Protein chains: 2
Amino acid sequence: MKETKYKEIHNHLKGQIQQGNYQIGDYLPSENELCVRFSITRTTARKALDELAKESFIERQHGKGSRVKERRQSLGLLNVKGFSEAVGEDIKTLFLRKPAAGKWDSEIMLPVNDSDLNSICLYFERIRFVGNEPVMLEKNWFSGQVLPDFLCSEFIEGSFFKTLSKKYFIEIIGSSQELRAELACGKNAGLLKVKTGTPLLHISVKFSTSNSKLNIYSELYCVTSVYPVGNSYFI
Amino acid sequence: MKETKYKEIHNHLKGQIQQGNYQIGDYLPSENELCVRFSITRTTARKALDELAKESFIERQHGKGSRVKERRQSLGLLNVKGFSEAVGEDIKTLFLRKPAAGKWDSEIMLPVNDSDLNSICLYFERIRFVGNEPVMLEKNWFSGQVLPDFLCSEFIEGSFFKTLSKKYFIEIIGSSQELRAELACGKNAGLLKVKTGTPLLHISVKFSTSNSKLNIYSELYCVTSVYPVGNSYFI
DNA sequence: CAATAATACTTGTACGTACGAGTATTATTT
DNA sequence: AAATAATACTCGTACGTACAAGTATTATTG
């Protein structure tokens, strides 16, 4: 269970930054200084720093040093909080399919992990209304491996994420998304009560969670003519 | 005008991949083979391959080799860093209108501050290409009040945000966005070389900066059929 | 014939050295 | 005093060597 040297240095420096021992704008020790402090060669010191730069913790400056960067952890397009908190008040949700066993559908746009493919797939599908207007069709796939009793109980306060957090102590730690403008196909058009050929905003999301065995794959189809999808953030 | 060796190798291999001399799934020459072919050391060969891996052209496999990967690029637009850093290398930018005096257009979707409305409006408009495909039409409005000499000089490294940062020491501190799926109208369709009626992803952004007198309003029109707009984040 | 061992590859880590190039300070010259 | 040169730092590139560790093939063993 031995760690490599450069990872050791890398983690040490990362910890120092996260604990605030190096503030934004500060310079880390130079490569040569790391060499003598940790009894390593410059090759190893460089590798540790290069990794930090790749994770955008620091910024390397030729002739100057490695400066701690402002870290923008931010901006999931849909914030992680989910739909309910993003839009106003009068939201209704209609389950088209309650959570049940499903299959890893080819409709999922983002690459599905192998470990997920080899485990049971759970699926549910909802439509979100603002007032009486359907605005979003939401399809969700995830592994049921780590969620015992999931199918037997209702969502807490109607929220999937809240259920994960409060019942299973699983948090969202990241996401990747892809956005596409598409024309509504027959089926989705019908569900969203728009004409075929209406432009829809198609959002594909893959959520990573604090449980490495649970990833959530969502395909969202949004009618944006009246209610555009929005978000904002400030550092 | 001398290029570094590893970049030379890197570009050579990249070209080979892009021309199809190495197909998806193929293995590139091993590090040792590159050494003898190009009369370099393994350090240099590794660096070239590591760069390719970072750009996700290849996948390195311990004990096996470097395999050409399926390249699913997406335009990581929505992080604050802007366009240039988000996508890979082969981006071109064409100015339709160089920065010049403009007016606070009604095309701006997000509410314009009163203070902005009362000051001079600067405007520029560009098209972004990936390869030779136009993928985004970008329109930008902002107040010229706090940017002396802005019209006289070129962008630093072609980047608006870098120019703001390095020349004026102004940083982006927040943004709000709205997303819409729309059908391409005649003018935009022509510029992006798509048919009218093609669905476009319309992103409206308002950036707030560290200088309270400078807000940037952008309207982006993206062709997402080939290159979806993407982002990801982890906490 | 099947399981195992040896082998020849691959990439990964780490050592050490050398010089080039960018940056900032200090010393020198004008 | 101001411009210039020397310097001492930074990081970037590139050389060369060595061994560890993963993968696949071949040879050996039982």
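In this text the structure is predicted, and so the values were computed from the model without any measurement. Below, chains carry the letters A, B, ... as their sequence lines are ordered, and counting in each starts from 1.
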Problem set entry | Derivation and outcome, ring-ring contact (aromatic ring centres under 6.0 Å, His included), residues B:F142 and B:F150 | CA-CA 11 Å; B:F142 54 98; B:F150 187 83; 5.3 Å; yes

What's the closest nucleotide to the [X] side chain, out of [options]?
{"X": "B:R60", "options": "C:dG12, D:dC15, D:dC11", "answer": "C:dG12"}
{"X": "B:I40", "options": "D:dT13, D:dC15, C:dT10", "answer": "D:dC15"}
{"X": "B:K64", "options": "C:dT11, D:dG12, D:dT23", "answer": "D:dT23"}
{"X": "B:T4", "options": "C:dG12, D:dA14, D:dG12", "answer": "D:dA14"}
{"X": "B:T41", "options": "D:dC11, D:dC15, C:dA14", "answer": "D:dC15"}
{"X": "A:T44", "options": "D:dC11, C:dT11, C:dC15", "answer": "C:dC15"}
{"X": "B:E31", "options": "D:dC15, C:dT23, C:dT11", "answer": "C:dT11"}
{"X": "B:R42", "options": "C:dT11, C:dA18, C:dG16", "answer": "C:dT11"}

Problem set entry | B:E59 and B:K69 ion-paired at < 4.0 Å | no

Rounded to the nearest angstrom, tell me the gap between atom [atom1] in [X] and atom [atom2] in [N].
{"X": "A:K5", "N": "D:dA20", "atom1": "NZ", "atom2": "P", "result": "14 Å"}
{"X": "A:E3", "N": "C:dG12", "atom1": "CD", "atom2": "P", "result": "17 Å"}
{"X": "A:Y27", "N": "D:dC11", "atom1": "OH", "atom2": "P", "result": "10 Å"}
{"X": "B:I9", "N": "D:dA14", "atom1": "CD1", "atom2": "P", "result": "9 Å"}
{"X": "B:R67", "N": "D:dT23", "atom1": "CZ", "atom2": "C1'", "result": "13 Å"}
{"X": "B:R46", "N": "D:dA14", "atom1": "CZ", "atom2": "C1'", "result": "15 Å"}
{"X": "B:H10", "N": "D:dT13", "atom1": "NE2", "atom2": "P", "result": "12 Å"}
{"X": "B:H62", "N": "D:dG22", "atom1": "NE2", "atom2": "C1'", "result": "5 Å"}

Problem set entry | Between A:Q61 and A:Y27: side-chain donor-acceptor atoms closer than 3.5 Å |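 The criterion, which ignores hydrogens and geometry beyond distance, is satisfied for A:Y27 and A:Q61.
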
Exercise. When you check the side-chain N and O atoms of B:D105 and B:Y123, is any donor under 3.5 Å from an acceptor?
Worked result: no

For this session: Would you please confirm or rule out a distance under 4.0 Å between OP1 or OP2 of C:dC9 and any side-chain N or O of B:N32?
Result: no

Exercise. Do the side-chain N or O atoms of B:K47 get closer than 4.0 angstrom to the phosphate oxygens (OP1, OP2) of D:dA14?
Worked result: no

Exercise. Touch check for A:S30, heavy atoms < 4.0 angstrom, all strands: base, sugar-phosphate only, or nothing?
Worked result: sugar-phosphate

Exercise. Are any non-hydrogen side-chain atoms of B:H12 and B:F38 less than 4.5 angstrom apart?
Worked result: yes

